[in-house]
J.: 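Have a look at this one before I ask anything.
The chain is numbered in sequence order, starting from 1. What you are looking at is a predicted structure, and each value in this text was computed from that prediction instead of being measured.
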Amino acid sequence: MCLLMTLFAAVIASICWFVSNPQKNLQLGTLSLMYWGAGLMWIVDCVFAAYEGEPFLNISSDDAVLGAVVVLVGLITWFVLLLVKNPKRLFANTF
């Protein structure tokens, strides 16, 4: 389930990046790369799980919670990156 959730988030982030490509100050490319990297990691994990005889996709509630946590941590990391990069110069006078 975490694979499906992460790939869904990657597709959504990529679509948002393609739609708002002129606005590079939102760092949506970084967000989509984070999700695609996590999706690649989960694909490798699923392949090795299938190689060991386990099912390819784990459809359990624990795996769904893990997927939600991964998507949430990606969003939090992206938000912190936006705060550090300060694209609209909101904190220019504060510091």
Side-chain angles (χ1 to χ4, degrees):
M1 194 64 154
C2 58
L3 170 66
L4 298 176
M5 293 175 78
T6 307
L7 289 180
F8 182 72
V11 168
I12 295 296
S14 295
I15 289 172
C16 291
W17 177 61
F18 282 126
V19 168
S20 69
N21 193 18
Q23 298 177 353
K24 292 184 179 184
N25 57 356
L26 293 178
Q27 304 290 323
L28 288 171
T30 304
L31 179 66
S32 65
L33 283 176
M34 283 192 292
Y35 286 141
W36 283 115
L40 181 63
M41 177 190 69
W42 291 125
I43 288 172
V44 170
D45 182 53
C46 289
V47 166
F48 277 102
Y51 180 73
E52 293 177 354
E54 299 174 12
F56 185 76
L57 287 176
N58 185 1
I59 310 292
S60 66
S61 61
D62 291 339
D63 204 47
V65 169
L66 179 62
V69 167
V70 166
V71 170
L72 185 64
V73 167
L75 282 174
I76 291 170
T77 304
W78 175 65
F79 184 70
V80 168
L81 178 71
L82 280 179
L83 288 177
V84 169
K85 294 277 185 169
N86 197 9
K88 294 191 177 190
R89 306 288 182 233
L90 294 175
F91 305 114
N93 297 331
T94 305
F95 300 112

J.: Under the side chain to side chain contact (heavy atoms under 4.5 Å, CB included) test, which residues partner N58, sequence neighbours left out?
T.: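 N58 satisfies side chain to side chain contact (heavy atoms under 4.5 Å, CB included) with S60, D63 only.
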J.: Identify, with sequence neighbours excluded, every residue that meets side chain to side chain contact (heavy atoms under 4.5 Å, CB included) alongside F56.
T.: L3, C46, V47, A50
J.: What residues form a side chain to side chain contact (heavy atoms under 4.5 Å, CB included) with I15, not counting sequence neighbours?
T.: V11, V19
J.: Which pair of heavy atoms, one from Y35 and one from A13, lies closest together, and at what distance?
T.: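 Closest approach of Y35 to A13, heavy atoms only: CD1-CB, 4.1 Å.
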J.: Going from CE on M5 to CG on L66, what distance comes out if it is rounded to the nearest 0.5 angstrom?
T.: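 CG of L66 is found 9.0 Å from CE of M5.
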J.: Name all residues meeting the side chain to side chain donor-acceptor pair (under 3.5 Å) criterion together with S32; count only those two or more places apart in sequence or in a different chain, and write none if there are none.
T.: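 So S32 forms no side chain to side chain donor-acceptor pair (under 3.5 Å) with any residue.
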J.: Given a cutoff of under 4.5 Å between side-chain heavy atoms of I, L, V, M, F, W and Y, with clusters grown through shared members, what are the other residues clustered with V44?
T.: F48
J.: So which of L57, L4, V70, L7 actually passes side chain to side chain contact (heavy atoms under 4.5 Å, CB included) with W42?
T.: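 Of all the options given, the one that passes is V70.
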J.: Tell me whether W78 contacts the main-chain N or O of Q27 through its side chain, where contact means a donor paired with an acceptor under 3.5 Å.
T.: yes
J.: Between F18 and L28, is there a side-chain heavy-atom distance shorter than 4.5 Å?
T.: no
J.: Identify, with sequence neighbours excluded, every residue that meets side chain to side chain contact (heavy atoms under 4.5 Å, CB included) alongside V73.
T.: V69, T77
J.: With hydrophobic residues grouped by side-chain heavy-atom distances under 4.5 Å, do W17 and L82 end up in a single group?
T.: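 W17 clusters together with L82.
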J.: Under 4.5 Å between side-chain heavy atoms, counting indirect links through other Ile/Leu/Val/Met/Phe/Trp/Tyr residues: same cluster for I43 and M1 or not?
T.: yes
J.: Measuring from S20:OG to L26:CG, what's the distance to the nearest 0.5 Å?
T.: 5.5 Å
